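Residue numbering restarts at 1 for every chain, and letters A, B, ... go by the order of the sequence lines. Just so we're clear, the structure is a prediction, and the values are computed from it rather than from any experiment.
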Number of protein chains: 2
Amino acid sequence: MKTDKQELEFVEMARFAKAMSHPIRLQILSLLSKSDCCYTGDITDELPIARSTLSQHFKELKAAGLIQGEYNPPKIKYCLQPDNWEKAKKQFDNFFESNKKSSCC
Amino acid sequence: MKTDKQELEFVEMARFAKAMSHPIRLQILSLLSKSDCCYTGDITDELPIARSTLSQHFKELKAAGLIQGEYNPPKIKYCLQPDNWEKAKKQFDNFFESNKKSSCC
DNA sequence: TTTGTATTTCGTAAAAATACGAAATATAAA
DNA sequence: TTTATATTTCGTATTTTTACGAAATACAAA
């Protein structure tokens, strides 16, 4: 069914939205992009939050597929995950586009 | 400071993202738009969920400012909230736009 | 006035998110 | 080998989210 397909799409999009539903995580994503899409510095210099908490946020962004990390202890290099990033962008674009503000209200 | 301004923007955007972080709520938003941005029918016909649960989802969408409802008991007419809808659209657009996939990864 | 309809609020329970500090991990540098 | 560095994992506590059924609400129609 077509409906089921869209329902699955919504499930996936909701997962991206949830990953973006915390200010810290939006800041992380923004930081990653600003440093040419990757970041290696000490990110707690930029964010007022415990390291372990930050690590949890990274974990969630990774679980949602929005970022990826190369681990070379004691450093890690975090990057946006280009494919899913593009996918999320398209889903949101499309969602807002096909749900335009109309004149009915 | 400029940073604080952006932080506030992220707080607001995170609120929109959270409102959109559940498949049912995405379906609701989608339904509203498809029925010319408003909906008056029995929405539980379309969604496999208890009425009270649905009502909670409506409440959250309302709290986030994405929808509005005219209450004429026993019916309610739900509509997208055009201004905030537009605002959310722009925030997401802008966020993905300024965080483009680059060639670094 | 009673009945029907569509919705919300209430009470409750279970699961998930958020945050922290302490300890563990893995490598580089001294 | 010891020390320093950046990060994760663990244990824990608090708050928030999600879901349901039962009861309440508010009006229209019979």
From A/E60 atom CD to A/S21 atom OG, the distance as rounded to the nearest 0.5 Å: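 It is 8.0 Å, given to the nearest 0.5 Å.
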Measure [atom1]/[X] against [atom2]/[N] and give the value in whole Å, please.
X     : N      : atom1 : atom2 : result
B/I76 : D/dC27 : CD1   : C1'   : 13 Å
A/K75 : D/dA6  : NZ    : C1'   : 8 Å
B/E70 : C/dT8  : CD    : C1'   : 17 Å
A/R51 : C/dA24 : CZ    : C1'   : 15 Å
B/I28 : D/dT18 : CD1   : P     : 11 Å
A/K77 : D/dT8  : NZ    : P     : 16 Å
B/F58 : C/dT8  : CZ    : P     : 7 Å

Under 4.0 Å protein heavy-atom contacts per nucleotide of nucleotides 11-22 of chain C, with B for base, S for backbone only and - for none: ------SBBBBB
Charged N-O contact under 4.0 Å between A/E12 and A/K87: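 Result for this pair is yes, salt bridge flagged.
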Parallel, tilted or perpendicular: ring planes of A/F10 versus A/F95, cut at 30 and 60 degrees: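 Rings of A/F10 and A/F95: perpendicular, as their planes differ by over 60°.
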Taking every non-hydrogen atom, the tightest pair across A/I28 and A/H57: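 Answer, listing the atom of A/I28 first, then A/H57: CD1-CB, 4.0 Å.
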Trace of the side chain to side chain contact (heavy atoms under 4.5 Å, CB included) decision for B/E70 with B/I76: CA-CA 6 Å; B/E70 273 175 53; B/I76 198 162; 5.7 Å; no
Short side-chain to backbone donor-acceptor contact, B/R15 and B/A64, under 3.5 Å: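 Checked: no pair found.
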Short side-chain N/O contact to C/dT8 OP1/OP2 from B/Y78, under 4.0 Å: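 Yes, because at least one side-chain N or O of B/Y78 sits under 4.0 Å from OP1 or OP2 of C/dT8.
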